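Each residue takes its place number in the sequence, starting with 1. It should be emphasised that the depicted structure is a prediction, and the values quoted were computed from it without experimental measurement.
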Amino acid sequence: MENELSKSQAILQCKCPRCRKGEIFENSAFSLNFAKTHKNCPVCNLKYERILGFFWSAMYVSYAFTVAHMITLMVAINVLTDERPALWVFFAAIIGSFVFFVPVYFRYSRVIVLYFLGGIKYNPNPKVWEEQGE
């Protein structure tokens with residue numbers, strides 16, 4: 001039997017929730033087309049967008065990531081500086097770090113919604129994939 005990924009490993013690697021082998025995204029998180037999602041899993045043919053507008057719910061997860069990021073960054077700046085920094089320091093830090101983290105938040109919010117709200121169970125058996133017909 002092949003080396004199977006655990007659920008957490010599959011989430012971190014952005015793999016299909018059913019087979020844990022196929023890629024969810026077509027490109028790297030840091031390419032210009034970081035948002036391009038496969039319509040179906042290249043391995044098991046699972047349809048990723050469960051219903052029309054399914055990934056709209058990922059906005060809420062992404063919002064939670066963003067708020068946690070901003071609060072953490074603001075607390076870190078306040079703790080690491082002796083005086084209270086100017087407002088522009090907070091804005092520069094937040095905007096500068098978001099350039100790096102937006103693709104990551106976008107991708108992982110979709111992956112988390114797919115894994116936890118998609119109603120998809122892990123099944124490494126290819127014969128069952130064809131029977132499920134998703």
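Between Arg20 and Tyr122, the closest side-chain pair of non-hydrogen atoms falls below 4.5 Å. Side chains of Tyr108 and Cys14 form a contact here, defined as non-hydrogen atoms less than 4.5 Å apart. By the 4.5 Å heavy-atom criterion applied to side chains, Pro17 and Tyr48 are counted as neighbours. The side-chain heavy atoms of Thr37 and Arg110, taken from C-beta on, include a pair separated by under 4.5 Å. Counting heavy atoms from C-beta on, the side chains of Cys19 and Leu46 never come closer than 4.5 Å. Counting heavy atoms from C-beta outward, Leu117 and Ser57 have side chains that approach closer than 4.5 Å. Within the 4.5 Å cutoff, no side-chain heavy atoms of Val113 are placed close to those of Trp56. Looking only at side-chain heavy atoms (C-beta outward), Gln13 and Leu5 come within less than 4.5 Å of each other.
Of all the heavy atoms in Gly22 and Cys41, the pair that sits closest is CA-SG, 3.7 Å. Shown here for Tyr115 and Cys16, the closest heavy-atom pair between the two residues is OH-O, 3.3 Å. Of all heavy-atom pairs spanning Glu23 and Pro42, the tightest one is O-CD, 3.5 Å.
Linking ILVMFWY residues whenever their side-chain heavy atoms come closer than 4.5 Å, directly or via other members, places Phe65 and Phe100 in the same cluster. Residues Tyr60 and Ile112 do not share a hydrophobic cluster, defined by chaining ILVMFWY side chains whose heavy atoms lie under 4.5 Å apart. Cluster membership for Ile77 and Ile95, using ILVMFWY side-chain heavy atoms within less than 4.5 angstrom, is not shared. A continuous path of ILVMFWY side-chain contacts below 4.5 Å connects Ile94 to Val89, so both sit in one hydrophobic cluster.
A donor-acceptor pair under 3.5 Å is formed between the side chain of Gln9 and the backbone N or O of Ser6. The backbone N or O of Ala93 lies less than 3.5 Å from a partner atom in the side chain of Ser97, making a donor-acceptor pair. Between the Arg18 side chain and the Cys44 main chain, a donor and an acceptor come within less than 3.5 Å of each other.
Evaluation of the ring-ring contact (aromatic ring centres under 6.0 Å, His included) rule for Phe25 yields no partner, not counting sequence neighbours. By the ring-ring contact (aromatic ring centres under 6.0 Å, His included) test, Phe90 pairs with no residue at all, sequence neighbours left out.
Under a 4.5 Å side-chain heavy-atom cut-off, the cluster of Ile, Leu, Val, Met, Phe, Trp and Tyr residues that includes Val75 is completed by Tyr63, Val67, Ile71, Val79.
No cation-pi contact links Arg107 to Phe34, judged by a cut-off of 6.0 Å to the six-membered ring centre and 45° from its axis.
Interatomic distance, Leu114 CG to Phe54 CZ, rounded to the nearest 0.5 Å: 5.5 Å. Put simply, NZ on Lys39 and CD on Glu26 are 9.0 Å apart, with the number rounded to the nearest 0.5 Å. How far CE of Met74 is from CG of Asn78: 7.0 Å, rounded to the nearest 0.5 Å.
Between Phe98 and Tyr105, the angle of the ring planes goes over 60°, which puts this pair in the perpendicular group of the 30/60° scheme.
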